[in-house]
Peer 1: 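Please find one structure pasted underneath; my questions will follow.
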Amino acid sequence: MKQQIATLLSSAIARLQADGRLPAELQPRIQVENARNKAHGDLASNVALMLAKPAGMNPRELAQLIVDALAPDPAVKSVNIAGPGFINFFIENAALSDVISVIEQAGCSFGHCDAGKKEKVILEYVSANPTGPLHVGHGRGAAYGDALRRLLGAAGYDVHSEYYVNDAGRQMDILAVSVWLRYLDLAGEAGIAFPPNAYQGDYIWDIAATLHREHGDDYRVTALDLDSLPGDDDEAKMDALIARARELLGEEKYAFVHHLAHSTLVDYIRDDLNEFRVEYDAWFSEKSLMDSGAVDAAVEKLRASGHVYEKDGAWWFRSTDFGDEKDRVVVRDNGVKTYFASDIAYHLNKQERGFEHMIDIWGADHHGYVPRVRAAMQALGQNPDSLEVLLVQFAVLYRGGKKIPMSTRSGEFVTLRELRHEVGTDAARFFYVMRKAEQHMDFDLDLAKSQSNENPVYYVQYAHARIASVFRQLGDKGFVYARDEADLARLDNDAEQSLIDQLNRYPELIRSAAAKREPHQIAYFLRETAQAFHSYYNAHQFLVNDAGLRNARLALIKATQQVIANGLDLLGVSAPETM
RNA sequence: GCCCCGGUAGCUCAGCCGGAUAGAGCAGCCGCCUCCUAAGCGGCAGGUCGGACGUUCGAAUCGUCUCCGGGGCGCCA
């Protein structure tokens, strides 16, 4: 409808330009908005205000000129000029209620569009290191990423979603060593000092217990062998400890512990995300990238193109050539490739797999990392715009009015699993996605728990369930829903009009939310739609004796139910038939 | 010091590629179930849009400066 009015306006202006009544060089940018105030009409355009200056005319006179030049349209009931020069359009009810038939035909694909033109997009989210359970911070990235996956799909993109598993590198070694030390403790080795920078959480004990239960003393060494590690600080001692562990266990046994630790956690994470209805097309292993030689190849490719130099025994990527604030190490002086090196290889791999556009969702704490990855893409000859990084701000947890400190290492955090059990998947996902990503979020656990019934998600779901309930009551009252008897022209009261307006907004909303990567728009829309429905429900009876009216009302609420279900689905929230 | 995000009602937040009286939820107060689920509805009250200056016919929205809060600036991942 907006599009239709915009076309009407632009052709009127073009006609005025052709007649020489407006300067030919005017480049009108037509904006048509939903009028905020119903008294102003259904749709409004400020085009006369925008063009007044370049045209050298009084805005109201210009508006009048444009209105007089408008071609008649059956959908337009009337047009008027208001305020400083707004052009307001009143639309025929029949044109507005057409949306009901459109929804009936399109069903669960109502609102979908082809804005994405089937562009191949790879969307990466969460990708947390498998060094511990997911916590509530990851939950936000998961809810946002998965909602975006669904939203981009609805907007016509060919989306592939992926979790990048950091199953290589030093953190995984620390994890393996942490498990092993706990295992030695369980095996009866006394006097082992557990390093402060090892992973402290209870889940480490659980994995160690599995190792001990299934393999007895196979991995046991005497605690004395672990004494007197060289190193000036905790990190250096940790490196020495890792080296000592490999030496004492031998590569094969070390690899086994390493694998047990990481696969246990990856499985745990996968289950968690599954339960949270967060879906992936693929889980991509960093280790596989290393084993295949892709990381070496990526570094070599950078070097061959002259973007790498050697300094202090390490290899540096000259990212400053592409706007980064300093150069970055890709190979350390000990020969170990950095996480950055494998990340370059991973993003190169995404390109090689044919993805024209890459979207990464990262925690806001990684924002400083963006320029270097972008720089690497450029150095490798890729368009830097092909990588889009969306930063999700932190969710700060509060309990009892106090901030809860979080650290994976110390094992002090609230897990996503706990959150799910406390507030449920529906409420948690809706809550997460209600705030736009760049907004800091205060997550009050007490509120989420104690007042979960007042969570906005129930308000929306209740609207859906209420509609289902009305249809269940039909038979009890001796009626049958007969769509062809519906007289949609009878839907003329305020409640019906605003509900119909709301339904008309949905396709535009999907387009906008997808383009701006803002699923929160859907959450807000759903609440407004539910509000419009609940008001309607309270003000009018649907199951009336007048068949024309009754069926029209049923058609309207059925369409409403469909739109609510579609919107909830985009957020990964269920649409219950009863509550 | 540099970079990113935020600062709108008592609280949590929408609105931000400029437009008509700044919105919602929660909390507060007053009403509404002989009627399709009251997890609901109607109403009242509540705001220097952090501050200053600038651009503009018009600024919560754009620009500059500034104050406050969060985060980031490793041969960690």
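Proteins come first, then strands; the chains are lettered A, B, ... in the order of their sequence lines, and each starts at number 1.
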Peer 1: Treating A/E496 as the side-chain partner and A/N493 as the backbone partner, does any N or O pair qualify as donor plus acceptor under 3.5 Å?
Peer 2: yes
Peer 1: Using whole Å, report how far CZ of A/F394 lies from P of B/G69.
Peer 2: 18 Å
Peer 1: Where does B/C33 land, syn or anti, given syn is within 90° of 0?
Peer 2: syn
Peer 1: For the residue pair A/Q497 and A/Y536, confirm or rule out a side-chain donor-acceptor distance under 3.5 Å.
Peer 2: no
Peer 1: A/M434 has an atom CE; how far is it from atom P of B/G15, in whole Å?
Peer 2: 11 Å
Peer 1: In whole Å, measure the gap between the C1' atoms of B/C32 and B/C13 for me.
Peer 2: 29 Å
Peer 1: Counting only Watson-Crick or G-U wobble pairs whose two distances fall under 3.5 Å, which nucleotide matches B/G69?
Peer 2: B/C5
Peer 1: If the threshold is 4.0 Å, N to carboxylate O, is there a salt bridge linking A/D291 and A/K287?
Peer 2: yes
Peer 1: OP1 or OP2 of B/U37 sitting under 4.0 Å from any side-chain N/O of A/S469?
Peer 2: yes
Peer 1: Answer yes or no: does a side-chain N or O of A/Y459 lie under 4.0 Å from OP1 or OP2 of B/C41?
Peer 2: yes
Peer 1: Roughly how many Å is it from CD in A/Q393 to C1' in B/U12, rounded to a whole number?
Peer 2: 17 Å
Peer 1: If you apply the rule ring pair (Phe, Tyr, Trp, His ring centres under 6.0 Å), what do you find for A/Y459 with A/H534, and how did you get there?
Peer 2: CA-CA 9 Å; A/Y459 182 77; A/H534 288 308; 4.8 Å; yes
Peer 1: Expressed in whole Å, how much space separates the P atoms belonging to B/G74 and B/C57?
Peer 2: 47 Å
Peer 1: Check the phosphate of B/A14 against A/Q439, side-chain N and O only, distance under 4.0 Å to OP1 or OP2. Yes or no?
Peer 2: yes
Peer 1: Taking 4.0 Å as the cut-off, does a side-chain nitrogen or oxygen of A/K53 come that near to OP1 or OP2 on B/C57?
Peer 2: yes
Peer 1: Expressed in whole Å, how much space separates the C1' atoms belonging to B/G15 and B/U34?
Peer 2: 44 Å
Peer 1: Taking the same atom, C1', in B/U61 and in B/U8, what whole-Å distance lies between them?
Peer 2: 12 Å
Peer 1: Does A/S535 have a side-chain nitrogen or oxygen under 4.0 Å from the phosphate oxygens OP1 or OP2 of B/G42?
Peer 2: yes
Peer 1: Distance between the P atoms of B/C75 and B/U66, in whole angstroms?
Peer 2: 30 Å
Peer 1: Give a yes or no on whether the backbone of A/A465 and the side-chain of A/S469 come within a donor-acceptor separation of less than 3.5 Å.
Peer 2: no
Peer 1: Using Watson-Crick or G-U wobble geometry with both distances below 3.5 Å, tell me the partner of B/G23, or none.
Peer 2: B/C13
Peer 1: Paired with B/U61: which nucleotide, if any, by Watson-Crick or G-U wobble criteria at under 3.5 Å for both distances?
Peer 2: none
Peer 1: Between A/K326 and B/C2, does any side-chain N or O lie under 4.0 Å from OP1 or OP2?
Peer 2: no
Peer 1: Report yes if at least one side-chain N or O of A/H520 is closer than 4.0 Å to OP1 or OP2 of B/G15; otherwise report no.
Peer 2: yes
Peer 1: Answer yes when A/D296 and A/K337 have at least one side-chain N-carboxylate O distance shorter than 4.0 Å, and no when they do not.
Peer 2: yes
Peer 1: Rounding to the closest angstrom, what is the interatomic distance between B/A9 and B/G50 at atom P?
Peer 2: 8 Å
Peer 1: Reading RNA chain B from 5' onward, which residue's closest nucleotide shows up sooner: A/H440 or A/Y369?
Peer 2: A/H440
Peer 1: Need the pair for B/C44. Rule: Watson-Crick or G-U wobble, both distances under 3.5 Å, any strand; none if unpaired.
Peer 2: B/G28
Peer 1: Is it the case that the side chain of A/S45 and the backbone of A/Q31 share a donor-acceptor pair, with hydrogens and angles ignored and the cut-off at 3.5 Å?
Peer 2: yes
Peer 1: Mind checking the P distance from B/G42 to B/A24? Whole angstroms is fine.
Peer 2: 11 Å
Peer 1: Look at the side-chain N and O atoms of A/R466 and state whether any lies under 4.0 Å from the OP1 or OP2 oxygen of B/A38.
Peer 2: yes
Peer 1: Please give the distance between the C1' atoms of B/C17 and B/A60 as a whole number of Å.
Peer 2: 15 Å
Peer 1: Provide, to the nearest angstrom, the distance between the CZ atom belonging to A/R372 and the P atom belonging to B/G72.
Peer 2: 14 Å
Peer 1: Quick check on B/C17: is either OP1 or OP2 less than 4.0 Å from any side-chain nitrogen or oxygen of A/K516?
Peer 2: no
